[in-house]
Structures are given as structure tokens and as C-alpha cells.
There are 2 protein chains.
Amino acid sequence: MVAKAGKAAKQVRDAEATKTAILDAAEAEFAQYGLNAAKTEEIAAKTGVTKAMIYYYFKSKEDLYVAVLERVFFGRYMDSIQPEELEQLPPEEALEKLIRRQIATDFNYPNLGPIQIHEALQNQGKYYQHVLSSDRAQQVFGIVTRILERGIAEGCFRKLHPQHTIVNIMGACNFYFTAYENMKYLWQGAPLLNPETVEQHAQEVVDLILAGVRNQQTSK
Amino acid sequence: MVAKAGKAAKQVRDAEATKTAILDAAEAEFAQYGLNAAKTEEIAAKTGVTKAMIYYYFKSKEDLYVAVLERVFFGRYMDSIQPEELEQLPPEEALEKLIRRQIATDFNYPNLGPIQIHEALQNQGKYYQHVLSSDRAQQVFGIVTRILERGIAEGCFRKLHPQHTIVNIMGACNFYFTAYENMKYLWQGAPLLNPETVEQHAQEVVDLILAGVRNQQTSK
DNA sequence: GTCTATACCGCGATAGAC
DNA sequence: GTCTATCGCGGTATAGAC
């Protein structure tokens, strides 16, 4: 409600604010429906500005979608994973931190996972390609891969396939959130998406994965 | 091309065949787009019959969707998991079989996972509720839970939370397929969805999960 | 049981006033 | 920079002939 930098409370004609509002609303809409089923009319309604504004700032629904995709990955995801920080840690500690940050990200930015999944299913990653092929994405993927490789080399992790293992870990972290709305009917009222249960989820994944990758042979 | 039971090659007016053809096409369409973005026109085009037929056999897009959901779960999924068979096996063996069957199912019925995920994200499980609340679904979920509980009781599995663990295992199995279309840009041309790589995926998950749940203490 | 034709409207996108 | 009005396509669903 409080406008920034001393301007009037109800800001009219603040380009940056309007653009951000549209991006926020679009992010939520695309997360629920994906590119194809999302409606610009809904986005406008959630934003509070009119539909025409969407086409003023972004020239098409498709362009708006790409803008959301980029902001979600380079902004939200990279910011909260902070992969460089993990590079210096011992492999086990780095892996645990990675898992906890991944789950915290899914919890704090619930739009992230759904947007990525819709993109994969509906568009076969077509609009995500340039993001994931970017130097930055490749670099981050490399850092995570190297955590596992280092662990194997140092003997604390067993011989495993790093890329498969990363995907499987991501799956264990994400599926809880992705499938939650179905799962609630199987768990019958048991868990919520409250911080305590999510923390329990994080702990279960950490225990499962760390035990799963640890090298049990004391002799090598 | 060969018509069943000695009828003419190009069958006109075979109610069952038409209905099945519509369900098959609808399943593929809903798997890619989910309920909201799926188009009955596309389904009709894939089927070869006209749009009007869809509304003759199923009275609305929504009803067709529910029919697909039920067929996918009670038909495809239950048939290929065969949970009762696992109940008699030792826990470790039962868990490995469950994982391998889950992955085989995802591979052989690529529509299954996507349909369930779209349902969770787009409709919050609204149309899936009656399926997952059914006695049959609850029973199966119970069987799988009991595999883990038995393993803990017998001392071959460590103390873990069965429900969380099931979700995390499912995640490790499914995410590979769900996110494949995005992942291919990270793995840069490496793996395909060919049987060999999928078998490798299955082996990696089995190794990861079995090591992850195994009780390491020899003394109790 | 299958088709053609069409009613109806929701939604992406634009024009143009303010 | 924001709004109102509107165009036109495409998608759900139905009527009715064969």
C-alpha cells in the first residue's frame, strides 16, 4: 500500500510498477495453466490494469510468457540456489545444502516448478531452450555435477552416474510439491503445505539421498 | 489395418471401436495440454471421426476428460503395477520391483504421468478426487506403505517416514520423464528416451533408493 | 452411428480517445 | 501510460439430415 520513494499512495502511470504487476500476475496464471490455457484477460483482471496494457508492455502473450520464464529462472531460481557457494564445501555438506535450498525454493516460489513442468509438457521445452542452453545455466549444471564427481573421487560417494543422480534428486525434492494437489486425496487430510511438514519433507529427502549416495565400503 | 473378428477392413458403425479411438486420442491430447488447453477439434482430427461423435458418446469435454482419467488410473496404472503381487515378497525385493514397474509404466504409457500432473496443477485434483479416494486406490496405497513398514519392522530398512518416502521414490522415478523435454537442453544431446537409457535410469533409481532406505546398523 | 452446418461466445489482439 | 470499444478467429456444443 505504501508507495516507494515518496510518491502518492495510488500511483498512476508508474511504468516499472505496472510492468512488474503484469509479470507477477502472469507468473501465477502461467504456473497454473501453462502457456496455452492461460488467459490474458485473467492476467489483466488479477493485475488491476486493463488487457491493453499487457500488449503495450509485451507485444504478445507469447512474449510475456518468455519474459516470465526468464525472470523465474535467472531471477528466482539462481538467486535462491546460489550454486557458487556450494562449490567450496565438502561434497556431503554441499549436497545437503543443495537439497535444502531446492526445497526451500519450491516452497517460497511455488510458481517455479509448475511453470517449468508446463513448459516441458505443453511445449516440449521450446520456449525454455535458450534459457537452459545459456552459459549461466550450463555453468550451474556443471557446478552441481562436479559436487557429485568430487564426492566419488574423494571416496565419500559411491560410484554413481552424476547426471542421472541429479535428476533423481531433483525429482525427490520437487514431486512432493508438484503432485501435492493429487496426493492430498491419498494422504487423506494428513499433511499440509505448512512449514513444519515441508521441513519434515526436506529432512526425509536429505536422509534418503545422503544414505543413497554414500560409499559404504571402508576399504577401497 | 486388420479388422477384428472377420469384419470388413474399413469398419463403419462400430460403436466400441469409435469410442476407444476417441478415448485414445483424447488421452494423448489431455496428456500434452491438460483439460483446459486441450481442444476437442484436435481430438476429433486425431481420431478420424468428427467432433460431433465426441459429444454423442461423451456429453461434454469435461465428461470425456473424466473417462480418460479413470481409464488411465484403473486400467493402465493398476494393471502394470500389480501391487498385490508385491505384498508377499521380502521388503527389499518388493521395493525394487515396485520401482522397476513404476518406471516401466512411465515408459510404456507416457500419457499417464503428464495427465496426473496437469490435473494436479490445473485443477487441484478436483476431477481426480473420486479416483484417488476410491477403495481400490486407498488399498493400493496401503499395500505400498506396508512394504516399507514391514521393512522397518524386520530391521532391513532404517527408521523412515513411509508416506514421505513413497512420494520421494515416485518423484525419483517420474521426474526423469516429466522434465525430459527441458532436461534434454541441459544434458545437451546426451540421452534419449531409448530403452537402454531408461534401463540405466531404472538401475540408478534402484541403487539410490535401496541404499537410501537400507538399515546400516548391524546391531539393533 | 456418422456426418455437415451452424449457433454462440470467449479470447487474443488492435485502434484510438484521453 | 492508461482506458474503452471492437474486430475476428477459433473453439465448445447442438440441430438435423442421412
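Between D/dT2 and A/Thr18, a contact under 4.0 Å exists linking OP1 or OP2 to a side-chain N or O.
In this structure, B/His130 has no ring-ring contact (aromatic ring centres under 6.0 Å, His included) partners at least two apart in sequence or on a different chain. Remark: A/Glu199 pairs with A/Arg100 by the salt bridge (charged side-chain N to carboxylate O under 4.0 Å, His left out) rule, at least two apart or across chains. Listed by chain and number, the residues in a ring-ring contact (aromatic ring centres under 6.0 Å, His included) with A/Phe73 are A/Tyr77 (sequence neighbours excluded). Among residues two or more places apart in sequence or in another chain, the salt bridge (charged side-chain N to carboxylate O under 4.0 Å, His left out) test is passed with B/Glu181 by B/Lys184. A/Arg71 pairs by the salt bridge (charged side-chain N to carboxylate O under 4.0 Å, His left out) definition with A/Asp24, A/Glu27, not counting sequence neighbours. The salt bridge (charged side-chain N to carboxylate O under 4.0 Å, His left out) test applied to B/Glu85 returns B/Arg101, not counting sequence neighbours.
A heavy atom closer than 4.0 Å to some atom of DNA chain D occurs in A/Val49, A/Thr50, A/Ala52, A/Met53, A/Tyr56, A/Tyr57, these being the qualifying members of residues 31-59 of chain A. Taking every heavy atom of residues 61-71 of chain A and every atom of DNA chain D, no pair lies under 4.0 Å.
Between B/Phe177 and B/Phe107, the angle of the ring planes lies from 30° to 60°, which puts this pair in the tilted group.
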Sequence neighbours excluded and cut-off under 3.5 Å, please list the side-chain donor-acceptor pairs for residues 49-57 of chain A, or say none.
unit_1	atom_1	unit_2	atom_2	d
A/Lys51	NZ	A/Glu41	OE2	2.8

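As a whole-Å value, the separation of B/Arg13 CZ from C/dG1 C1' is 5 Å.
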